[in-house]
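So that the names make sense, note that chain A is the first sequence line, chain B the second, and so on, each numbered from 1. Note that the structure is a prediction, hence the values are computed from the model and not measured.
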Amino acid sequence: MLGSSSVLVNNQESLHSEWFAGRIIDWQQQYGRCGLPWQGADAYRIWLSEIMLQQTRVATVIPYYLRFVDRFPAIPVLAAESEEMVLAYWSGLGYYSRARNLHSASRIIMQQHNGEFPHQFKDILALPGIGRSTAAAISAFAFHERCAILDGNVKRLLARYYAIDGYPGEQKIEAMLWEKAEALLPEKNVAIYTQGMMDLGATICTRSKPECCRCPVQAGCVAHRNGCVALLPTPRLRKKLPERKTTFLLLRNGSDILLEKHTGRVIWGGLWCPPQLDIQIPGDIESVRVYCRQFFNVEVINVLALPKFLHTFTHFKLHIFPLLIDVAVEDTLKAQETGMAWMGLDDAQCAAIPSPVRKLLQEIQKNCWES
DNA sequence: TATGCGTGGGG
DNA sequence: TCCCCAAGCAT
């Protein structure tokens, strides 16, 4: 049978949750972030913002978000557009599967939900690109449902508040954090509470130099009491990133550049990139001439090795060796047979291209290296 | 600490 | 320069 001490503990926990949530809610209303472009917006915009904000800073997202909602103001518009157009507006933001999933989800919403963003948590969670935390955030912000989120801010905050040792990405630790997040959830004002948790993590309980003296829940924070705030959350063990090399073949025909579309769930999937060789090839004109004849059926006029540079991904470093290769092409439409396309530099700038390709194209245009 | 998937800012 | 990782998800 359940002892009275257990009842007492439950009462204390519930009292503590009430205190905690009250402090968070009051703090949010006084000091939380307001005026972010998606705050108080419709479900579509909240959804879009949550997807863009995955692993991405607010300051980075804002200009992308504004451009995106201007071009795709509602779900039916988004669904009617091509994936490529959507990727063009995502270009530079990274994690492009987010854009592909967003677009795919918009079509699912048209077919299965009459074009209206679903209200049920389970329906939201079923959409591609939406996991537990994102579904909860949308449910809380758009529909005021009582759902707990667990994003990076909340993980850091809870790891400190309860002095939970261990890397939060680890399954066991993450499960503990979810438990705490659920237990603290208030009965009312979930949207303000959720925003407050994010805001507190983003502005006070920051990774470095947290401002504990301004924290509304400092009194209950175990890490603060124990003086171990700076040690939490436990950083991940990181191995040295592997390094790879690639040669970018920037074939130029007049003011056109040859690009090929990456397909499938690969790096830069769905984006247009110059043809690549996953080695560093000699930049002398003879080697390049032989290669270009064989693979692109073009005559090389001139080769210029542009400065190499480093591009770092989450899981590897890529040394990029760009070669600007001026060529003579008779039939520019023939490239389409092999999934490639000649694009004017201006068009390419507006296309779905990854960040380092954009930088290179800008440089080529700016410097006007002679043909 | 499963791994792949981008990019840019801060220390 | 280098390493950290930011409103995570899919497989």
Nearest-nucleotide pick for A:W268, side chain only, options being B:dG6, B:dT1, B:dC5: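 Taking heavy atoms from C-beta onward, the closest nucleotide is B:dG6.
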
Given C:dA7, B:dT7, C:dG8, which nucleotide is nearest the side-chain atoms of A:Q54?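 Nucleotide nearest to A:Q54's side chain: C:dG8.
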
Using 30° and 60° as the class boundaries, would you call the ring planes of A:F68 and A:W90 parallel, tilted or perpendicular?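 The rings of A:F68 and A:W90 stand perpendicular, inter-plane angle above 60°.
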
Just call it for [X]: base, sugar-phosphate, or nothing, with non-hydrogen atoms closer than 4.0 Å on any strand.
{"X": "A:V266", "value": "sugar-phosphate"}
{"X": "A:I46", "value": "nothing"}
{"X": "A:W90", "value": "nothing"}

Pairwise side-chain hydrogen bond (donor to acceptor under 3.5 Å, both in side chains) hits with a residue in residues 174-191 of chain A, at least two apart: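 Sorted result for residues 174-191 of chain A: A:R132-A:E182.
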
Taking the side chain as everything from C-beta on, heavy atoms only, tell me whether A:L277 gets closer than 4.5 Å to A:Y291.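 Touching, per the 4.5 Å side-chain cut-off.
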
Is it the case that C:dA10 (base atoms only) and A:R100 (side chain only) share a donor and an acceptor within less than 3.5 Å, ignoring hydrogens and angles? no

Using side-chain contact (heavy atoms from CB on, under 4.5 Å) as the criterion, point out the one residue from A:V69, A:L48, A:V58 that pairs with A:W38. A:V58

Please give the distance between the P atoms of B:dG6 and C:dT1 as a whole number of Å. 25 Å

Suppose we screen for ring-ring contact (aromatic ring centres under 6.0 Å, His included). Which residues come up paired with A:Y167, at least two apart in sequence or across chains?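 If we apply the ring-ring contact (aromatic ring centres under 6.0 Å, His included) test to A:Y167, skipping adjacent residues, there are no hits.
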
Qualifying ring pair (Phe, Tyr, Trp, His ring centres under 6.0 Å) pairs with a residue from residues 105-140 of chain A, counting only residues at least two apart or across chains: A:W47-A:F117, A:H119-A:F143

At under 4.0 Å between heavy atoms, which parts of nucleotides 1-6 of chain C does protein reach? Answer with one letter per nucleotide, 5' to 3': B base, S sugar-phosphate only, - none. --SBBB

Within this structure, what is the CG-to-P distance between A:N101 and C:dT11, rounded to whole angstrom? 8 Å

Near DNA chain B, which residues from residues 169-201 of chain A have a heavy atom under 4.0 Å away?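 The answer is A:E170.
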
For DNA chain C, find the residues of residues 129-138 of chain A with a heavy-atom distance under 4.0 Å and give them by number; none if there aren't any. A:G129, A:I130, A:G131, A:R132, A:S133, A:T134

